[in-house]
Amino acid sequence: MNKKEIKNLYNLKINLLKKYNYSYFDKNNSLVTDKKYDELKKEVIDLENNYSFLNSKYSPSKSVGFKPSKNFKKSLHKVPMLSLSNAFSEEDLINFEKKIKNYLSIKNDFEIFYSVEPKIDGISASLNFKDGKFYKGLSRGDGKEGEDITENLKTLSDIPKEILLKDFPEEIDIRGEVFIQNSDFKGLSEKFANPRNAASGSLRQKNSEETKKIPLKFIAYTFGYEKGLRVNNQSDFLKKLNKWGFKTNPLNKLITSIKSLIENYNEIEKKRADLDFDIDGIVYKVNDFAMQRRLGNVANAPRWAIAHKFSSNKAVSKILDIEIQIGRTGALTPVAKIKPINIGGVIVSNATLHNEDEINRKDIRVGDTAVIERAGDVIPHILSVDKQKRLKNSKKFIFPKNCPSCGSETIKEFNSVTKKVDAVRRCSSEGYDCDKISIEKLKHFVSKEAFNIDGFGKKIVENFWKLKLIKYPQDIFNLDFSKIETLDGWGKLSVQNLKYSINQKKTISLERFIYSLGIRYIGLENAKLLCKHFISFSKFKNLSKKTDYEDMLNIDGIGETQVNSLKNFFSNETNKQVLNELEKVLLIRDAIENSDDGILKNMTFLVTGKLNGISRAEVKSLIEENSGKTISSVSKKLNFLIIGEKPTKKKVDYAKELKIKVIGQVEFLKMLNKTS
Ligand code: IVH
């Protein structure tokens, strides 16, 4: 067989698998016997192992879980389901604690207690209880909206259906992990690649009778919305969970000090292989709920918790080729194509090489034998190459000096803030002028956290791009659907669905919109900050004056790097045109100003000097939560100057001159009815 014939054969098998999967998971109907199904899966994997050019996102070697089935209704989480930031080293943990202490402005020797909980690698679920009855169960989904899998969850014996105890809250979302024990997985290993896939697949069965057949377990560890929960800390909450009839992890502990956290981590890592459930790390949560509340969240993870991941899996394979990928911000990322290899249950065929410097430092070459590391969900990377095994005729890898997509010169920027030359080489063309950047921008635009257009994935972006159906974001909202209907693989129904999902996303919040633009250094968190600052799209769009940019520097969290990036963005005519065109087709919702009628409405504040037991960042959050504003200098606009220890004399004098109220920390907290 030649290459083309092999590819055809492979695609045929993949399509068959897709058909069987769809029928099994969405329609609950097995088209073939389990044996035939497994044989097919093995054939696909064998082909991939023999021919490295074969690759499909539908391959059983790639699929982790199953895509949300259209069979389930979606439902909003009353309180979003957040994710966790990761720590990989002691240093990461030290930083985590340092940030908490800074934010809360507590002394270094203060002992923070952590609830320490093994991180089970399963599928999270949120169980809503009303008046003691299990009322609704949702999958995590995108964190904001999940699938209603109540009926399937009801089949789990670990989930109490009714709790009649007095101290059980009037309403509460109990959250935890659904998983399969390794001993139970043994009988299912023919059907699923790992226990996590098995749990995910079983939970998404259309027919709950099918879910019932699988021994799914549930361990509870947190809550979402609650009304009437009278508990002050996580370790007491875990005890209550037990009392109410939920299972909790028997390895949960309460620990203080980083040293003890590390000791516990090492102990559990040793035990890891003997446990009957897969864990991929340990979660640390600040135990005290009052502290948790003060700390709050960043973007989509809490400041008060972190996941300490276990060390990764490693394997040795051969580098077949080095490709250069171009990202949304023009970064040229070298990627090693490696001979496919199984690392910890996942077939790996790509490994990132990070950047040009990394290749040079490690002298990585095509043909080398390399150690590849895979840690958690992070993209695998090359740890080292074995120079002894290198062939005599091997050549040093020359990094391209021109963009492989548009031919523009590539540059390494000088970062004026860090005063260092960037390690990353970038395409110097302006965004939409480079095809690859443009495609990546569009992929970002439709992605989950941006416009989140159902069914408009990366492959469709690439396809529509090739067919010249889209070039700029606005083109997505002006698609010629009659043309799409005639394309291979498309029909009336699928086009109707696409049209529906696009139309649904024509209304968008300003923060998501700003994030969707994919401006460098403007991620979710910064988009949120900008949205709060600008309030309306028109104010954002008309950003031009020098003072506008200076004003932005007053936003806590926005610095010169972000402001320069925005300047750059707005200096480009195409970008401005994209904004104008998008405005025509979208409804961009203004930001809702924080509880407009809070206690501090129409009041402005400025802090000078060191406060006691509370950080500036927290004071700022408190002011904003109560509808007040913070400004950056003493002027007639200022209503209150809050002074701490060693205030700037100039500020105090000037405030007095302008007859501005000068208050202390205690007085300020009294204004909020807080005494300490
Ligand atoms: S707490 C706001 N506790 O980890 C805190 N999560 O990356 C978020 N997980 O989606 C959840 N064990 O699936 C929490 N003891 C534990 C956990 C845990 C596993 C998973 C959960 C979540 C993911 C966050």
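Ligands are counted one by one from 1 in listed order, and the atoms in each one are counted from 1 as well. Here the structure is a predicted model, which is why all the values come from computation and not from measurement.
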Flag Thr222 as yes when one of its N or O atoms lies below 3.5 Å from any N or O atom of ligand 1, and as no otherwise.
-> no

Could you list which atoms of ligand 1 come closer than 4.0 Å to a heavy atom of Ser124?
-> 10 (O), 13 (O)

Can Tyr114 and Glu97 be counted as having a side-chain donor-acceptor contact under 3.5 angstrom?
-> yes

Check the side chains of Ser126 and Arg175 for a donor-acceptor pair under 3.5 angstrom, ignoring hydrogens and angles.
-> yes

What do we get for Asp121 next to ligand 1 when only non-hydrogen atoms under 4.0 Å count, side chain, backbone, both or neither?
-> neither

Under 3.5 Å, N or O to N or O, is Ser83 touching ligand 1 that way?
-> no

Heavy atom under 4.0 Å from ligand 1: found in Glu177's side chain, backbone, both, or neither?
-> side chain

Give a yes/no on ligand 1: does Ala305 have at least one heavy atom closer than 4.0 angstrom to it?
-> no

Ignoring hydrogens and angles, state whether a donor on the side chain of Tyr225 or Glu171 is under 3.5 Å from an acceptor on the partner side chain.
-> no

Could you grab the distance from atom CD1 of Ile379 to atom NE2 of His354, nearest 0.5 Å is fine?
-> 9.0 Å

Quick note on ligand 1: atoms under 4.0 Å from a heavy atom of Pro302 include exactly 2 (C)

Determine whether the side chain, the backbone, both or neither of Arg175 has a heavy atom under 4.0 Å from any heavy atom of ligand 1.
-> neither

Between Phe179, Tyr284, Tyr221, which one has a non-hydrogen atom sitting closest to atom 12 (N) of ligand 1?
-> Tyr221

Taking only heavy atoms of Lys285, which atoms of ligand 1 are found under 4.0 Å from at least one of them?
-> 1 (S), 3 (N), 14 (C), 15 (N), 16 (C)

Of Val283, Ile306, Leu84, which has the heavy atom at the shortest distance from atom 7 (O) of ligand 1?
-> Leu84

Please determine if Trp304 has a nitrogen or oxygen closer than 3.5 Å to a nitrogen or oxygen of ligand 1.
-> no

